[in-house]
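What you see below is based on every heavy atom in this structure, not just the backbone, and it leaves out hydrogens, waters and symmetry mates. What you see is a predicted model; the values in this text were computed from it and never measured.
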Amino acid sequence: MAGEAPELSAQERAGRPFPVSWDQFHRDCRALTWRLNEVGPFHAVIAITRGGLVPAAIVARELGVRVIDTVCIASYDHDKQGELQVLKGISEQAMKLGGGTGKGLLIVDDLVDTGKTGKLVREMLPDAHFATVYAKPKGRPLVDTFITEVSQDTWIFFPWDTALSYHPPLRDGAA
Ligand SMILES: O=P(O)(O)OC[C@H]1O[C@H](OP(=O)(O)OP(=O)(O)O)[C@H](O)[C@@H]1O
Ligand code: HPA
Ligand SMILES: [Mg+2]
């Protein structure tokens with residue numbers, strides 16, 4: 001689109017890897033909950049799947065919220081973003097709890113990157129509170145509460161997408 005910064009290539013994005021362990025992710029979700037505790041109470045948590053499912057479970061447990069709904073959106077094929085597809089919308093029951101506009105609902109996702117996914121969900125629930133664990137600068141204005149900001153050219157590797165593997169010693173040319 002005219003005037004917009006060009007999309008970063010997969011190579012450029014992978015240039016700054018930010019691996020997150022399960023321990024770190026759990027700690028960051030708990031830190032997020034501390035902040036959200038000041039904002040709530042919330043009637044329900046809306047997880048943006050799939051990445052939002054893990055933080056939503058941890059946050060809902062800490063906040064004592066037992067109603068959890070999903071909005072299922074797909075856009076990335078690994079690190080390339082395509083058209084956003086809404087595979088499942090918000091349930092009628094959750095919509096009712098949020099008075100039709102999302103008031104008192106908490107949307108949770110693992111991160112905002114370009115902000116396209118977050119923008120789409122915000123349009124569905126304009127009065128909901130939107131929380132993510134991580135935020136990149138382009139998506140940050142869309143989020144109400146987050147924990148860690150990383151640069152736009154960082155690629156976050158989540159523990160559910162990665163596995164431990166051998167890393168060669170530095171003297172053998174490892175970065
Ligand atoms: O701010 P954006 O540029 O829109 O990107 C952020 C979204 O991308 C990832 O989801 P993805 O579409 O990869 O699906 P997944 O959660 O099933 O992995 C991530 O979990 C966010 O939902
Ligand atoms: O940095 C990222 N990591 C994992 N998934 C993502 N989806 C958009 N950006 C990212
Ligand atoms: Mg996602």
Can you name the closest pair of heavy atoms from [X] and [Y] and give their distance?
X: A47; Y: G52; value: CB-O, 3.8 Å
X: P55; Y: V133; value: CB-CG2, 3.8 Å
X: V65; Y: A44; value: CG1-CA, 3.8 Å
X: A74; Y: L87; value: CB-CD1, 4.0 Å
X: I68; Y: A60; value: CD1-CB, 3.6 Å
X: L142; Y: G115; value: CD1-O, 3.0 Å

(message) Tell me which pairs pass side-chain hydrogen bond (donor to acceptor under 3.5 Å, both in side chains) where either residue lies in residues 95-106, with sequence neighbours left out.
(response)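 Sorted pair list: T101-D127.
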
Test item: [X] and [Y] side chains (from C-beta on) under 4.5 Å apart, heavy atoms:
X: F146; Y: L111; result: no
X: S75; Y: T117; result: yes
X: K138; Y: D113; result: no
X: Q93; Y: V67; result: no

(request) Indicate whether the side chain of S151 and that of D153 have a donor and an acceptor atom separated by less than 3.5 Å. (result)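 Note: S151 and D153 side chains meet the donor-acceptor criterion.
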
Who passes salt bridge (Lys or Arg N to Asp or Glu O under 4.0 Å) against [X], sequence neighbours left out?
X: K119; answer: E123
X: D69; answer: K88
X: D161; answer: none

(message) Taking A128's backbone N and O only, do any of them form a donor-acceptor pair with R122's side chain (distance below 3.5 Å, no angle check)?
(response)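 Looks like yes, one N/O pair under 3.5 Å.
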
(message) Applying ring-ring contact (aromatic ring centres under 6.0 Å, His included), can you list everything that pairs with F25, at least two apart in sequence or on another chain?
(response)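 With sequence neighbours excluded, F25 shows a ring-ring contact (aromatic ring centres under 6.0 Å, His included) to F158, W160, given in chain and number order.
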
(message) Using 0.5 Å steps for rounding, measure from the CD atom of Q152 to the OG1 atom of T114.
(response)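 Answer for the CD-OG1 pair, Q152 versus T114, is 7.5 Å.
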
(message) What's the separation between atom NZ in K116 and atom CG in L120, rounded to the nearest 0.5 Å?
(response)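 Here the rounded value is 11.5 Å.
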
Same cluster (ILVMFWY, side-chain, under 4.5 Å), [X] and [Y]:
X: L63; Y: I147; answer: yes
X: V54; Y: I107; answer: no
X: V59; Y: L53; answer: no
X: V143; Y: I156; answer: no
X: M124; Y: L105; answer: yes

Just jot down the side-chain hydrogen bond (donor to acceptor under 3.5 Å, both in side chains) partners of [X], sequence neighbours excluded, or say none.
X: R50; value: none
X: T148; value: none
X: N37; value: none
X: T49; value: none

(message) Holding to side chain to side chain contact (heavy atoms under 4.5 Å, CB included), I want the full list of residues that pass it with H129, two or more places apart in sequence or in another chain.
(response)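 Scan of H129 (side chain to side chain contact (heavy atoms under 4.5 Å, CB included), adjacent residues dropped) gives L36, V39, F42, L106, D144, T145.
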
(message) Taking side chain to side chain contact (heavy atoms under 4.5 Å, CB included) as the definition, give me every residue that meets it alongside M95, ordered by chain and number, with sequence neighbours left out.
(response)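 M95 satisfies side chain to side chain contact (heavy atoms under 4.5 Å, CB included) with I90, L125 once adjacent residues are dropped.
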
Can you give each donor-acceptor pair under 3.5 Å made by side-chain atoms of residues 26-33, sequence neighbours left out, with the distance rounded to 0.1 Å?
from	atom 1	to	atom 2	distance (Å)
R27	NH2	Q24	OE1	3.3
D28	OD1	Q24	NE2	3.0
D28	OD2	Q24	NE2	3.3
D28	OD2	Y134	OH	2.5
R30	NE	E62	OE2	3.1
T33	OG1	C29	O	2.7

